[in-house]
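Below is one structure; the comments refer to it alone.
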Amino acid sequence: QLKIIEKIVNYLDTLPLSTLDIELQSLGPLEGGSHELLERFLDILTEAVNSKHNFDVVQAYLNVFLKYNRQYLIDTPALHDKLSYLRTIHCESWNELQHAIQQCLCV
C-alpha cells in the first residue's frame with residue numbers, strides 16, 4: 001500500500017498548482033465530491049505522513065485540503081477519529097524532523 005500512496009503523492013506533485021487546488025477543493029460533498037473521497041484522502045495523508053517521505057509536500061496538501069474542507073470535517077463527527085489520529089502522527093513526525101534538524105545543526 002505504501003507504493004500506491006507514493007504513486008498518488010508523486011502524481012499530485014506533477015499537477016499544476018491550480019489543478020491541484022481545484023482537485024483538493026472538489027473532494028468535499030459541498031463541491032461535488034463525497035464523504036468517502038474525503039475519508040479516503042485522509043487515509044492517504046495519514047499513510048503519507050507515516051511514510052516519512054516528502055514531508056513538505058504532504059504538509060502543503062494537508063494545508064490546502066483543510067482550507068477547503070475544514071467546515072465539513074468539523075461538522076462530521078464520523079471523521080474526527082481519523083483527524084485526531086492524523087494530528088497525532090503529524091505531530092510525532094514533526095517532532096522527529098525537528099530533532100533531526102537540531103542534530104544536524106549541532107554537528
Side-chain angles (χ1 to χ4, degrees):
Q1 184 171 1
L2 186 58
K3 289 230 182 236
I4 294 169
I5 301 300
E6 216 172 281
K7 285 181 182 180
I8 292 169
V9 171
N10 289 338
Y11 168 72
L12 292 174
D13 201 29
T14 65
L15 296 176
L17 293 179
S18 58
T19 304
L20 177 63
D21 195 62
I22 291 168
E23 289 294 326
L24 294 179
Q25 183 177 358
S26 67
L27 289 174
L30 302 176
E31 299 294 332
S34 68
H35 175 88
E36 291 77 21
L37 282 174
L38 283 179
E39 190 170 11
R40 184 61 189 131
F41 196 71
L42 280 172
D43 293 339
I44 290 168
L45 289 173
T46 299
E47 289 301 319
V49 170
N50 268 335
S51 76
K52 300 186 183 355
H53 292 100
N54 301 317
F55 190 80
D56 54 339
V57 172
V58 174
Q59 177 67 42
Y61 299 157
L62 179 59
N63 286 339
V64 174
F65 174 74
L66 291 175
K67 174 182 161 186
Y68 290 120
N69 299 291
R70 71 179 172 271
Q71 194 57 52
Y72 183 81
L73 295 169
I74 290 168
D75 294 341
T76 309
L79 295 175
H80 290 179
D81 287 343
K82 285 185 182 280
L83 287 167
S84 180
Y85 181 65
L86 177 57
R87 180 181 181 271
T88 299
I89 63 165
H90 184 271
C91 288
E92 289 171 2
S93 293
W94 177 245
N95 288 334
E96 288 176 24
L97 182 60
Q98 281 184 312
H99 181 73
I101 290 170
Q102 288 174 352
Q103 290 286 14
C104 289
L105 291 174
C106 291
V107 173

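Numbers here simply count residues along the sequence, with the first being 1.
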Query raised in the report: Does the side chain of Leu38 come within less than 4.5 Å of Pro29's, by heavy atoms?
Result: yes
Query raised in the report: How many angstroms lie between atom NZ of Lys3 and atom CD1 of Ile8, to the nearest 0.5 angstrom?
Result: 14.0 Å
Requested in this report: Could you grab the distance from atom CZ of Arg87 to atom SG of Cys91, nearest 0.5 Å is fine?
Outcome: 4.5 Å
Report task. Enter the distance from Ile89:CD1 to Thr46:OG1 here, rounded to the nearest 0.5 Å. Result -> 4.5 Å
Query raised in the report: Is it the case that Asn10 and Glu6 place a side-chain donor and acceptor less than 3.5 Å from each other?
Result: no
Report summary line: Per side-chain contact (heavy atoms from CB on, under 4.5 Å), Val64 is matched among Asp21, Asn69, Leu20 by Asp21
Query raised in the report: Roughly how far, to the nearest 0.5 Å, is the CG atom of Asp75 from the CZ atom of Arg70?
Result: 11.5 Å
Requested in this report: Please examine the side chains of Phe55 and Val58, heavy atoms only from C-beta on, and report whether any two atoms are closer than 4.5 Å.
Outcome: no
Query raised in the report: Given the rule that I, L, V, M, F, W and Y join up when any side-chain heavy atoms are under 4.5 Å apart, are Leu86 and Val57 in one cluster?
Result: yes
**Report entry** Test item: Ser84 side-chain N/O and Asp81 main-chain N/O as donor-acceptor pair under 3.5 Å
**Finding:** no
Query raised in the report: Taking side chain as C-beta onward, heavy atoms only, is Leu42 less than 4.5 Å from Leu73?
Result: yes
Requested in this report: Report yes if the side chains of Leu66 and Leu62 come closer than 4.5 Å at any heavy-atom pair, otherwise no.
Outcome: yes
Query raised in the report: Taking a hydrophobic cluster as the set of Ile, Leu, Val, Met, Phe, Trp and Tyr residues connected by side-chain heavy atoms closer than 4.5 Å, whether directly or through intermediates, do Tyr11 and Ile22 fall within one such cluster?
Result: no
Requested in this report: Side-chain contact test, heavy atoms from C-beta onward, threshold under 4.5 Å: evaluate it for His90 versus Gln59 and give yes or no.
Outcome: yes
Query raised in the report: How far apart are the closest heavy atoms of Tyr61 and Leu12, and which atoms are they?
Result: OH-C, 3.3 Å
**Report entry** For the student: nearest non-hydrogen atoms of Val9 and Ala48, plus distance
**Finding:** CG2-CB, 4.1 Å
Query raised in the report: If you measure from CD on Gln71 to OG1 on Thr76, what distance do you get to the nearest 0.5 Å?
Result: 9.0 Å
Query raised in the report: How far does CG of Asn50 sit from CD of Glu92, to the nearest 0.5 angstrom?
Result: 8.5 Å
Query raised in the report: Leu17 and Leu24: same hydrophobic cluster, using ILVMFWY side-chain contacts below 4.5 Å?
Result: no
Query raised in the report: Heavy-atom distance under 4.5 Å between the side chains of Leu45 and Phe41, does that happen here?
Result: yes
Query - Same apolar cluster: Leu79 and Leu30, side chain cutoff 4.5 Å - result: no
Query raised in the report: Is there a path of hydrophobic side-chain contacts, each under 4.5 Å between heavy atoms of I, L, V, M, F, W or Y residues, that connects Tyr68 with Ile74?
Result: no
